[in-house]
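To find a chain, count down the sequence lines: A is the first, B the second, and so on, and within it residues start at 1.
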2 protein chains.
Amino acid sequence: MDDFGPKRRLERRSTPHRGVRIQDVARLAEVSTATVSRALATPQRVSPEKRARVLEAIAQTGYTPNLTARSLRSQKTGMVLVVLPDLANTFFSRILRGIEETLFEAGYGMIISDLDGSPEKEAHFTAFTTAGRVDGAILLNGHLFGQSRDGQGRAADIDIPIVALCEAIPNADIPQIEIDNRTAARKMTQYLASRGHREILYVSGPAGNVLEKERYRGYRDGLQRAGLSFDPTWVIPGDYTIESGMRAGHSIVQRANRPSGVFCTSDEMAIGLIRTLLSAGIRVPQDISVAGFDDIEFAAVAEPALTTIRQPRQELGRAAAAALIALLQKQETPRLIRLETELVIRDSVTDR
Amino acid sequence: MDDFGPKRRLERRSTPHRGVRIQDVARLAEVSTATVSRALATPQRVSPEKRARVLEAIAQTGYTPNLTARSLRSQKTGMVLVVLPDLANTFFSRILRGIEETLFEAGYGMIISDLDGSPEKEAHFTAFTTAGRVDGAILLNGHLFGQSRDGQGRAADIDIPIVALCEAIPNADIPQIEIDNRTAARKMTQYLASRGHREILYVSGPAGNVLEKERYRGYRDGLQRAGLSFDPTWVIPGDYTIESGMRAGHSIVQRANRPSGVFCTSDEMAIGLIRTLLSAGIRVPQDISVAGFDDIEFAAVAEPALTTIRQPRQELGRAAAAALIALLQKQETPRLIRLETELVIRDSVTDR
DNA sequence: AGCCACGATGTAATCGATTACATCAACTTT
DNA sequence: AAAGTTGATGTAATCGATTACATCGTGGCT
């Protein structure tokens, strides 16, 4: 292109540089770049005087190592990917905090992907993992990248450590962190029965969801143990959202034979359902008792205050992060971690 | 450390390689690495046949470019840092979703930092930006890295684009995205007055908070326009949390002269406060009317349903992300973007 | 004294892409 | 036909660290 001159080397950028580089520090401290690097990474391997010189130079220049370069060379990013179905859902935010805390303590950062049910996004984040921008991943969405929920389809060839949180992942040999959904749901069903309810309606989670399956089984277990018969017309579909709770509420308002107790498999649904019942003039718990699941912040201040199952959300997050960190450090970690739930009795369930 | 062996050359990794590299693709397609790179980045600059060969080779090998290497070379990370005070707060999660959506559409990823009031963390994330792992940042916490809230202290020498969301940052020449808190608070105060309330109690946000200052001004404005006098004993401190709402509720229950209307500057506080009032046998809204701010999901299903100010949260997130993206692409963007709020009238405020 | 191990340090290879520049062939233009 | 364009492609520099290996000096051991 430049037709005139003989080949001329690209000018050394005249604008000094965007940031301070390890070379600049090395030059100022009159040592090699290797020494600077070691002074930071393995201080005991550098003589005290040089170390001091390096530190001084770093302070003067305000040097910060470029993490991208470090990642490229060391093949470690110090980043963890967290994949979750819905960022805007209250239930997840506290879990996230638990994850964040624990990762931070271990020096890791967190990249969040709100899947939002979009396969397109899913593909995008698969790329992330193969592309070496994260060291590991925590999955809250119940299936692996590139796999459908039933475990079919090619499993993307992910070769980084992964743990599954809350929703177990079928056919995957990775650590699972969860609560015992089945037992928890059974306990709540039995509790409702113990308060004299014999027609216990169940508002489900999304069809096919792993949590839902377990909770449903727990519901059936509970009925059986309480000596109650199961009636499929007492199962209403939901998807854990406030809106689906309201829909379920409407269907209850309109039906002829109303239940005396309702077991919603999320607090959001319980709150939405109660809202609908109250608006229709049905009193809670006097006319119908309603129980929830999760114990989100608003459960305690709802009117009436919600009887529910407490999940240790922050702990779940912490446990998942801890398990992943263990994997990243090539340590052993249990295949299954189950945290305890607690039946929280408040005002939304009363005696029949 | 290993005292035994003679120096031995490091074995060339016998396991082939962790991932497919651009070289592998180039070799298979019988082209240079430059051509592979171009076939992906600027397809029109590569002949159709070679492009086809490259694509074929990529498909066969399952190659994905290593993003870390790309970032290092191109000095772009495709990542944005989002700093927020409290991840577990419902208010932020929907904003986050707006941010995430817009960033995703533009091909950016999101790194989240939950500050949680810890200066230690703040320092950590300052490092992030100087260290070149993100291209830009969205700040929801009301101050710059390394600066105290009043703008004092050394401003960290951040040289990446930054936008401030919700909380304006004093003394910083960066785009702000926010709502008109003052006007919104004035409207609500005037609305309460229009329903006949003359003793309007104000539950504040955290002292010093920028939002709080604006809303407080709006409250004073509203009183004035309604011809009501201001009484400092009608201001109760809060911090936007459910708990602080409950505390405010208790102080109302215990005081001699109760207000007829309460303006809480967050829905969380309103819900906590209502809970306390109801528990004390005070009816809402019959005895005391309560208004909120934000219109979070639970506002509509609370009992009574909350009269509040709707903030377009997802839009706020989208706008902030869009502004940042503009900056990243060296485009112009307004210094101040203000989104409209809306007075949402439900059941928690009634006539005096 | 001679040998060896070890600690401190420097030199240069390396991580895996992007991209500036060189090269060459095929056309245009004058 | 000579000179200049243009487009496709390859070669190698580059991004900024980490780290394998080489080197050198010191002190311990026999």
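Rounded to an integer number of Å, the gap from NZ of A/K76 to P of D/dT19 is 8 Å. Rounded to an integer number of Å, the gap from CD of B/E30 to P of D/dG10 is 10 Å. Regarding A/R51, its CZ atom lies at a distance of 15 Å from the P atom of C/dG7, rounded to whole Å. In this structure, A/L40 atom CG and D/dG16 atom C1' are separated by 14 Å, rounded to whole Å. One can place CD of B/E49 at 17 Å from P of D/dG7, the figure rounded to the nearest angstrom. In this entry the distance linking CZ of A/R133 with C1' of C/dA17 reads 12 Å, nearest Å. A straight line from CZ of A/R70 to P of D/dC15 spans 19 Å, rounded to a whole angstrom. Going from atom CG of B/L72 over to atom P of D/dT14 covers 14 Å, rounded to whole Å.
Between A/S47 and C/dG7 there is no side-chain polar atom (N or O) within less than 4.0 angstrom of OP1 or OP2. Under 4.0 angstrom from either OP1 or OP2 of D/dG16 there lies at least one side-chain N or O belonging to B/Q75. Between B/Y63 and C/dG16 there is no side-chain N or O to OP1 or OP2 distance below 4.0 Å.
When distances are taken from the side chain of A/K50 to each of C/dT9, D/dA8, C/dA17, the shortest belongs to C/dT9. Of the candidates D/dG16, D/dT18, C/dT18, C/dT18 carries the atom nearest the B/I22 side chain, counting heavy atoms from C-beta on. Among C/dT9, C/dT19, D/dA17, the nucleotide with an atom closest to any side-chain atom of B/S74 is C/dT19. Each of C/dT9, D/dG16, C/dA17 was ranked by its minimum atom distance to the side chain of A/R73; first place goes to D/dG16.
Using a 4.0 Å cut-off between charged side-chain N and carboxylate O, B/R94 and B/E100 make no salt bridge.
Counted by atom type alone, A/R133 and B/T77 present zero donor-acceptor pairs between their side chains at under 3.5 Å. Side-chain N/O atoms of A/E101 and A/Q314 include a donor and acceptor closer than 3.5 Å.
Checking B/R45 against B/T64, the closest nucleotide of DNA chain C that is more toward the 5' end is the one next to B/T64.
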Open item on the list: I'd like to know whether B/E56 forms a salt bridge (charged side-chain N to carboxylate O under 4.0 Å, His left out) with B/K50, so could you lay out the CA-CA distance, the side-chain angles of the two residues, the decisive distance to 0.1 Å, and finally the verdict.
Closed with: CA-CA 10 Å; B/E56 166 64 18; B/K50 297 218 171 180; over 6 Å; no
Exercise answer: donor-acceptor pairs, residues 28-36 of chain A side-chain atoms, under 3.5 Å, sequence neighbours excluded:
unit_1 : atom_1 : unit_2 : atom_2 : d
A/S32  : OG     : A/A34  : N      : 3.4
A/S32  : OG     : A/T35  : N      : 3.3
A/S32  : OG     : A/T35  : OG1    : 3.2

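Taking every heavy atom of residues 31-39 of chain A and every atom of DNA chain C, pairs under 4.0 Å involve A/V31, A/S32, A/T33, A/A34, A/T35, A/R38, by number.
A 4.5 Å side-chain heavy-atom check between A/I22 and A/N66 finds every atom pair outside the cut-off.
For the pair B/N89 (side chain) and B/D86 (backbone), a donor-acceptor distance under 3.5 Å is absent.
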